Amino acid sequence: MPPDLPRKTAVGALVSAGLLLAPPAGAAERDAVARGAYLATAADCVGCHTDSEHGGRPYAGGVELKTVLGTIVSPNITPDPETGIGKWRDSDFTAAMRWGIAPDGSHLLTSFPFPFYNRLTGRDLADIKAFLDTVPAVRQFNRSGNPRLFANALNAVAVVATPFPGPWRPDSRREAVWNRGAYLVATVGRCGDCHTPRNLLGAPEANRFLAGTAHGPDGKPVANITSDPETGIGNWTKDDIVVMLTDGQTPDLNYVTGAMARVVKSTAKLSDDDRRAIAVYLKSLPPMRSDRRSLSEKD
């Protein structure tokens, strides 16, 4: 008997045991798809990429969106190989989501929030792609919108002016629930997209993070959600924030309206733990004054 046979036999036994204990590949794939579906729901991908008003198929695009760059039409992101993203490699998807670079090398408009998806972890990006690969493919060609004059030039300036910090890194000085809330706000929640004022170049003002703006979606003002007690949500409790994220009700028993009402349709589908994490994070923000008193104020 060769002297190393017992060692090989032992190694073989350990490998066999590991294979028996490891979950089947199919289970891992299902878990990835489930996580991706959860993240896509949190980001409300279906809301922007489904023309529900005209009976459109899920994720097939066709929604006309009014933006600072003019009217754009959301694209088909089903796995159709000709009209959707069926031929996109994982690297193509990552480039589009993280940097706004399409497979043909063109740059996506910043109306697509890739500056926020830039902060997603590699695993979360892969999971979202895994989920989208399971969506029923729809053959629907993309339509061009009605962009403003010099929209591409304006977009290029906005891209240059926008910070891209890369994948989120947890703050080791903070507890896990705070880091989870910060991550959700910074990525799929993309709260800063609406609640942070922008400079003349269209880039978010880093020193006014979530302090509200008079020029939000559809040209309407958006609330200050820092902890300022007079113009923000400093007088809200964590429970108040959780309730608002669940059903849209504010502490004064009103309900959010406009764009925030659409956001709540997504936050309502988050887990209780994730809504709580967002509340913990928002309550930790330093107070900043603004001219917008609260989320309950009518537009």
Side-chain angles (χ1 to χ4, degrees), residues 39 42-44 113 115-121 162-199 203-217 220-252 254 256-264 266-268 270-297 299:
L39 292 166
D44 193 30
F116 295 88
Y117 299 152
N118 172 266
R119 309 215 67 189
L120 285 165
T121 64
T162 300
F164 291 88
W168 173 264
R169 293 181 181 274
D171 186 340
S172 60
R173 299 167 298 178
R174 298 281 193 167
E175 58 185 339
V177 64
W178 183 95
N179 274 296
R180 177 62 175 173
Y183 178 72
L184 291 170
V185 167
T187 59
V188 292
R190 59 186 191 282
C191 303
D193 199 18
C194 292
H195 290 274
T196 301
R198 295 175 181 271
N199 59 29
E205 297 180 17
N207 63 341
R208 298 287 295 165
F209 182 58
L210 301 184
T213 174
H215 307 288
K220 295 182 178 180
V222 179
N224 178 344
I225 55 173
T226 72
S227 56
D228 183 73
E230 294 185 13
T231 64
I233 58 173
N235 292 326
W236 290 32
T237 66
K238 294 184 182 72
D239 287 340
D240 290 335
I241 297 174
V242 170
V243 168
M244 189 277 296
L245 294 174
T246 303
D247 60 18
Q249 187 178 53
T250 59
D252 58 3
N254 281 317
V256 296
T257 59
M260 191 62 203
R262 296 193 295 271
V263 170
V264 168
S266 297
T267 57
L270 292 173
S271 67
D272 290 338
D273 286 345
D274 276 350
R275 284 192 292 267
R276 175 69 56 178
I278 291 173
V280 167
Y281 172 69
L282 290 179
K283 289 296 291 182
S284 77
L285 295 175
M288 294 187 188
R289 291 187 63 80
S290 73
D291 59 359
R292 182 72 167 154
R293 294 194 61 81
S294 75
L295 284 171
S296 62
E297 187 175 338
D299 291 328

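All values reported here derive from a predicted model rather than from experimental measurement. FYI, side chains are in, hydrogens and waters are out, and symmetry mates aren't considered; it's all heavy atoms of this structure.
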So, the side chain of S227 versus the backbone of L285: is there a donor-acceptor pair under 3.5 Å, distance only?
-> yes
Is the backbone of T237 close enough, under 3.5 Å, to the side chain of D240 for a donor and an acceptor to pair up by distance?
-> yes
Side chain to side chain, N235 and P229, heavy atoms closer than 4.5 Å | yes
List the atom of E175, the atom of V280, and the distance in Å for their closest heavy-atom pair.
-> OE2-CG1, 4.3 Å
Can you check whether P197's main-chain N or O pairs, donor with acceptor, with T213's side chain at less than 3.5 Å?
-> no
How many angstroms lie between NZ in K238 and CZ in R276, if you round to the nearest 0.5 Å?
-> 8.0 Å
Any chance you could measure I225, atom CD1, to L282, atom CG, to the nearest 0.5 Å?
-> 5.0 Å
Please name all residues satisfying side chain to side chain contact (heavy atoms under 4.5 Å, CB included) with D44, sequence neighbours left out, ordered by chain then number.
-> V46, S266
Looking only at heavy atoms, what is the nearest atom pair of F116 and G192, with distance?
-> CZ-C, 3.6 Å
Kindly give the heavy-atom pair with the smallest separation between P115 and T162, and that separation in Å.
-> CB-CG2, 3.8 Å
Return the minimal non-hydrogen interatomic distance between V185 and L210, and the atom names on each side.
-> CG1-CD1, 4.3 Å
Drop me the distance from T267's OG1 to D274's CG, to the nearest 0.5 angstrom.
-> 11.0 Å
May I ask you to check whether S284 and W178 show a side-chain donor-acceptor distance below 3.5 Å?
-> yes
Any donor-acceptor pair under 3.5 Å from R190 side chain to Y117 backbone | no
Are any side-chain N or O atoms of H195 and backbone N or O atoms of F209, one a donor and one an acceptor, separated by less than 3.5 Å?
-> no
So, the side chain of R275 versus the backbone of L270: is there a donor-acceptor pair under 3.5 Å, distance only?
-> yes
So, R119 and Y183: side-chain donor and acceptor under 3.5 Å apart, yes or no?
-> no
Taking the side chain from K283 and the backbone from G234, do they hold a donor-acceptor pair closer than 3.5 Å?
-> yes
Looking only at non-hydrogen atoms, find the nearest pair between P286 and T226 and report the distance.
-> O-CB, 3.5 Å
Would you check if there is a donor-acceptor pair between the side chains of D252 and T250 at a distance under 3.5 Å?
-> yes
Is there a donor-acceptor contact under 3.5 Å from the side chain of R208 to the main chain of T196?
-> no
N/O donor-acceptor pair under 3.5 Å between N224 side chain and M288 backbone | yes
Report the distance from atom CG of N254 to atom CE of M244, rounding to the nearest 0.5 Å.
-> 13.0 Å
Taking only residues two or more places apart in sequence or in another chain, which ones pass side chain to side chain contact (heavy atoms under 4.5 Å, CB included) with S172?
-> none
